[in-house]
Amino acid sequence: QVQLVESGGGLVQAGDSLRLSCITTSRTLSPNVMGWFRQAPGKEREFVAAITWISGRTDYADSVKGRFTISRENAEKTVYLQMNNLAPEETDVYYCATTRRFARIAKGYTTWGQGAQVTVSS
């Protein structure tokens with residue numbers, strides 16, 4: 001059973017940056033796609049970005065393009081989410097998840113991490 005562990009959350013001010021990490025226990029870096037989602041209380045889980053282990057192909061939500069960067073370090077079995085110019089409305093729990101093919105909906109992903117709280121103060 002693959003497990004995902006997020007880290008790097010915290011409290012920052014508006015306009016600050018933060019980098020989240022997600023480590024997978026998969027020995028073969030499978031499934032191929034790693035994604036980041038975020039969720040506020042009472043709201044649905046929202047797609048943020050995704051990347052493939054093999055080619056490094058990426059996909060971003062329109063709301064984060066140009067500010068967030070997803071990357072991976074295969075040797076470390078780690079995916080990163082660099083978040084710049086954060087806004088208070090982006091205060092959420094951020095989750096990493098894995099799936100076989102690119103998807104922008106949460107139900108398309110099979111394994112989830114426990115989540116990392118990101119709080120952006122104004």
Side-chain angles (χ1 to χ4, degrees):
Q1 180 81 19
V2 172
Q3 292 184 323
L4 305 175
V5 180
E6 300 100 336
S7 61
L11 172 64
V12 296
Q13 294 186 330
D16 283 353
S17 298
L18 200 62
R19 189 178 78 161
L20 302 179
S21 302
C22 176
I23 297 176
T24 178
T25 61
S26 170
R27 293 181 298 169
T28 59
L29 298 181
S30 175
N32 186 38
V33 178
M34 294 286 288
W36 285 97
F37 285 75
R38 60 189 180 188
Q39 187 173 27
K43 293 189 176 181
E44 293 188 355
R45 207 160 282 192
E46 175 192 18
F47 171 76
V48 176
I51 191 168
T52 62
W53 287 112
I54 296 176
S55 67
R57 175 190 167 194
T58 59
D59 185 28
Y60 293 94
D62 290 343
S63 60
V64 306
K65 279 182 182 177
R67 298 187 299 119
F68 289 16
T69 302
I70 189 170
S71 61
R72 90 278 194 226
E73 177 54 63
N74 290 30
E76 299 296 327
K77 297 193 291 184
T78 301
V79 171
Y80 301 98
L81 185 68
Q82 175 68 42
M83 305 183 291
N84 297 330
N85 194 21
L86 283 161
E89 56 266 29
E90 295 180 302
T91 293
D92 286 317
V93 178
Y94 284 70
Y95 298 89
C96 66
T98 188
T99 185
R100 296 184 182 275
R101 295 185 295 181
F102 270 117
R104 290 188 170 198
I105 56 175
K107 68 179 182 180
Y109 288 74
T110 54
T111 301
W112 293 82
Q114 82 285 357
Q117 177 68 49
V118 173
T119 302
V120 186
S121 64
S122 58

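Under the 4.5 angstrom side-chain criterion for Ile, Leu, Val, Met, Phe, Trp and Tyr, Ile23 has no cluster partners at all.
In this structure Arg57 satisfies the salt bridge (Lys or Arg N to Asp or Glu O under 4.0 Å) test with no other residue, sequence neighbours excluded. Take Thr119 and apply the side-chain hydrogen bond (donor to acceptor under 3.5 Å, both in side chains) test, not counting sequence neighbours, and it matches Gln117. In this structure, the side-chain hydrogen bond (donor to acceptor under 3.5 Å, both in side chains) partners of Thr52, at least two apart in sequence or on a different chain, are Ser55. Applying the side-chain hydrogen bond (donor to acceptor under 3.5 Å, both in side chains) test to Arg67 and every residue at least two apart in sequence or in another chain returns Glu90. Listed by chain and residue number, nothing satisfies the side-chain hydrogen bond (donor to acceptor under 3.5 Å, both in side chains) test with Asn32 (two or more places apart in sequence, or in another chain). For Thr99, the side chain to side chain contact (heavy atoms under 4.5 Å, CB included) partners are Val33, Tyr109, not counting sequence neighbours. The side chain to side chain contact (heavy atoms under 4.5 Å, CB included) test applied to Ser121 returns Leu11, Gln13, not counting sequence neighbours.
Distance OG/Ser122 to CD/Glu89: 10.0 Å, rounded to 0.5 Å. Of the inter-residue distances, the one linking Gln1 atom CD with Thr25 atom OG1 reads 8.5 Å to the nearest 0.5 angstrom. The structure places CG of Asp59 at 16.0 Å from CH2 of Trp36, a figure rounded to the nearest 0.5 Å.
Between Thr110 and Thr98 the shortest side-chain heavy-atom distance falls below 4.5 Å. Contact check for Leu29 versus Lys77: side-chain heavy atoms found under the 4.5 Å cut-off.
In the hydrophobic clustering of ILVMFWY residues, with side-chain heavy atoms under 4.5 Å counting as a link, Val2 and Val79 come out together.
Within the 3.5 Å criterion, the main-chain N or O of Ile51 finds no donor-acceptor partner in the side chain of Thr58.
The shortest non-hydrogen separation linking Cys22 to Leu4 is SG-CB, 3.9 Å. Here the shortest heavy-atom pairing between Trp53 and Met34 reads NE1-CG, 3.3 Å. Here the shortest heavy-atom pairing between Thr78 and Ser21 reads CG2-CB, 4.1 Å. In plain terms, the two heavy atoms of Glu6 and Ala116 that are nearest each other are CB-CB, 4.0 Å.
Among pairs with a residue in residues 51-80, none fulfils disulfide (SG to SG under 2.5 Å), at least two apart in sequence or across chains. Applying the ring pair (Phe, Tyr, Trp, His ring centres under 6.0 Å) test to pairs two or more places apart or on separate chains, none has a residue in residues 54-107.
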Show me the donor-acceptor pairs, under 3.5 Å and distance only, between side chains in residues 81-88 and residues at least two apart or in other chains.
residue: Gln82; atom: NE2; partner: Asn84; partner atom: OD1; Å: 2.9
residue: Asn84; atom: OD1; partner: Ser17; partner atom: OG; Å: 2.9

Which atom pairs, donor and acceptor, lie under 3.5 Å between side-chain atoms of residues 40-50 and protein residues at least two apart or in another chain?
residue: Arg45; atom: NE; partner: Gln39; partner atom: OE1; Å: 2.9
residue: Arg45; atom: NH2; partner: Gln39; partner atom: OE1; Å: 3.0
residue: Glu46; atom: OE1; partner: Arg38; partner atom: NE; Å: 2.9

